[in-house]
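Just the heavy atoms: all of them, side chains too, but no hydrogens, waters or symmetry mates, feed the values below.
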Amino acid sequence: MEETKVEAALNNVHAVIFCNNVKDSQGEYSGWCESYDKDADTLNYQSPLQAAKMFGKYCKDAKTVLDVGSGTGKAAQLIRGEYGYDGDLDLLDFNLNMLQQADKKKLNIRNFIQHWVDDTGELPVKEGSYDVIICVGSFVPNHIPVTAMRGMLKSLKHGGAMILTTRNTKVGSYKLDFDRVLQSMIDAKEAELVDKEEYKNYPGADDHVLNVVLVLRKL
């Protein structure tokens, strides 16, 4: 039986998450980049919408924003278009093909940064550079390591916001490790949890995985 558009789109999602390693994941993205947005729309992909909504709620005075794991720029497009953000906006992603798709959207991006975020979370930017860091759909297996959260925080100004999405349904040990690192940051008073909301990531598909959007404030 021929697979439906929804099934094909969901299979592409699973291919980048449930692959063997990071290299394979990036290879899948390179082949998927031109149809990525179409598949996201087919699935009614919610993570960029949820992150942008939190941006609109908490980050109205932001002047500098970094989108980590920006992909084709769906979150950036929303904060520009739906929430009227007109400040400096940088996109960071390891996959050049995805960044090229983002560039086609003409979102007035200040810098396109090709960089792999490793377990240290150290970014090729000056510490304390940004009012807001957004990271949508990248805290999943074979993408950004959970320990990178702490290092990424260094690129925020004090009082700055980090808006993250991740799967709230367990994906192996990844979610447990994510929660452990997050709690250690809160306990160490490096950040406070400002808001948290659960949602279904792909309401256009028969997929029962729940996601969560988090807003952290750097202390």
Side-chain angles (χ1 to χ4, degrees), residues 17 45-71 74-76 78-79 82-83 85 87 89-93 117-123 125-203 208-219:
I17 296 176
Y45 179 38
Q46 291 295 299
S47 286
L49 295 167
Q50 295 293 328
K53 183 177 74 173
M54 290 298 189
F55 179 89
K57 185 175 181 180
Y58 293 105
C59 306
K60 292 179 181 178
D61 296 327
K63 303 297 182 186
T64 52
V65 176
L66 174 64
D67 186 349
V68 175
S70 61
K74 289 188 76 65
L78 286 166
I79 68 170
E82 296 296 322
Y83 293 93
Y85 175 68
L89 179 56
D90 296 341
L91 303 189
L92 183 152
D93 201 284
V117 182
D118 62 17
D119 56 0
T120 69
E122 293 182 1
L123 305 179
V125 298
K126 185 178 178 180
E127 288 190 12
S129 295
Y130 296 96
D131 297 312
V132 180
I133 291 177
I134 298 175
C135 187
V136 173
S138 292
F139 275 102
V140 291
N142 292 312
H143 289 62
I144 294 180
V146 295
T147 53
M149 221 182 328
R150 178 171 268 115
M152 287 167 57
L153 200 68
K154 295 178 182 178
S155 298
L156 274 178
K157 298 175 183 177
H158 286 289
M162 185 182 291
I163 303 172
L164 310 174
T165 72
T166 190
R167 293 193 166 203
N168 214 28
T169 303
K170 292 179 181 178
V171 184
S173 64
Y174 189 93
K175 184 58 170 59
L176 293 174
D177 293 338
F178 180 94
D179 290 344
R180 175 182 53 77
V181 172
L182 174 61
Q183 191 58 53
S184 72
M185 290 167 60
I186 293 171
D187 291 345
K189 300 190 183 305
E190 298 169 14
E192 64 174 339
L193 180 62
V194 175
D195 206 343
K196 178 179 180 180
E197 187 171 331
E198 190 177 70
Y199 59 94
K200 186 175 181 182
N201 203 24
Y202 303 115
H208 303 292
V209 172
L210 293 175
N211 270 41
V212 62
V213 58
L214 307 164
V215 181
L216 305 177
R217 185 80 64 191
K218 181 177 179 178
L219 299 177

Of all residues at least two apart in sequence or in a different chain, which pass the side chain to side chain contact (heavy atoms under 4.5 Å, CB included) check with [X]?
| X | result |
| --- | --- |
| Lys63 | Asp131 |
| Lys200 | Leu210 |
| Lys154 | Glu127 |
| Ala52 | Leu78, Ile79, Tyr83 |

- Message: Side chains of Val125 and Tyr130, heavy atoms from C-beta outward: is any pair under 4.5 Å?
- Response: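 Yes; the side chains approach each other to less than 4.5 Å.
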Can you name the side-chain hydrogen bond (donor to acceptor under 3.5 Å, both in side chains) partners of [X], sequence neighbours left out?
| X | value |
| --- | --- |
| Glu122 | none |
| Glu197 | Lys53 |
| Ser129 | none |
| Asp61 | none |

- Message: Test of understanding: with ring pair (Phe, Tyr, Trp, His ring centres under 6.0 Å), list the residues that count as partners of Phe178, not counting sequence neighbours.
- Response: Phe139
- Task: Start with the C-alpha gap between Tyr58 and Val132, add the side-chain angles, then the distance that decides, and say whether side chain to side chain contact (heavy atoms under 4.5 Å, CB included) holds.
- Result: CA-CA 10 Å; Tyr58 293 105; Val132 180; over 6 Å; no
Atom pair [atom1] ([X]) and [atom2] ([Y]), whose distance is rounded to the nearest 0.5 Å:
| X | Y | atom1 | atom2 | value |
| --- | --- | --- | --- | --- |
| Leu92 | Ile134 | CG | CD1 | 13.0 Å |
| Asp187 | Arg180 | CG | CZ | 12.0 Å |
| Leu153 | Leu219 | CG | CG | 8.5 Å |
| Asn168 | Leu214 | CG | CG | 8.0 Å |
| Lys57 | Asp195 | NZ | CG | 4.0 Å |
| Ser70 | Asp93 | OG | CG | 4.5 Å |

- Hey, could you give me each pair passing salt bridge (Lys or Arg N to Asp or Glu O under 4.0 Å) that has a residue in residues 208-219? Not counting sequence neighbours.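 Matches after skipping sequence neighbours: none remain.
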- Task: Dump the intermediate steps for side chain to side chain contact (heavy atoms under 4.5 Å, CB included) on Lys74 and Val136, then the final yes or no.
- Result: CA-CA 9 Å; Lys74 289 188 76 65; Val136 173; over 6 Å; no
- Query: Under the side chain to side chain contact (heavy atoms under 4.5 Å, CB included) criterion, do Leu156 and Leu216 qualify, and how do the steps go?
  - Reply: CA-CA 11 Å; Leu156 274 178; Leu216 305 177; over 6 Å; no
- Query: Between the main-chain N or O of Gly137 and the side-chain N or O of Thr165, is there a donor-acceptor pair closer than 3.5 Å?
  - Reply: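 Flag set: sc Thr165 to bb Gly137 pair under 3.5 Å.
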- Message: If we ignore hydrogens and angles and just use 3.5 Å, is the side chain of Asp67 paired with the main-chain N or O of Leu89 as donor and acceptor?
- Response: no
If every non-hydrogen atom of [X] is compared with every non-hydrogen atom of [Y], which pair is closest and at what distance?
| X | Y | answer |
| --- | --- | --- |
| Asn211 | Ser47 | ND2-OG, 3.4 Å |
| Tyr174 | Ile144 | OH-O, 2.5 Å |
| Gly121 | Val117 | CA-CG1, 4.0 Å |
| Met149 | Leu182 | CE-N, 4.0 Å |
| Pro203 | Gln46 | CD-CG, 3.6 Å |
| Val212 | Tyr199 | C-CE2, 3.6 Å |

- Residues, nucleotides or ligands: over 12 heavy atoms within 6.0 Å of Gln183 CD: yes
- Task: If the plane angle is over 60° it's perpendicular, under 30° parallel, otherwise tilted; pick one for Phe55 and Tyr85.
- Result: perpendicular
- Message: Taking salt bridge (Lys or Arg N to Asp or Glu O under 4.0 Å) as the definition, give me every residue that meets it alongside Glu190, ordered by chain and number, with sequence neighbours left out.
- Response: Arg150
- Task: List for me each residue that meets salt bridge (Lys or Arg N to Asp or Glu O under 4.0 Å) alongside Asp118, sequence neighbours excluded, and say none if there are none.
- Result: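 Listed in chain order: nothing, the list is empty.
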- Task: Run the numbers on Leu66 and Val68 for side chain to side chain contact (heavy atoms under 4.5 Å, CB included), then give the verdict.
- Result: CA-CA 6 Å; Leu66 174 64; Val68 175; 3.7 Å; yes
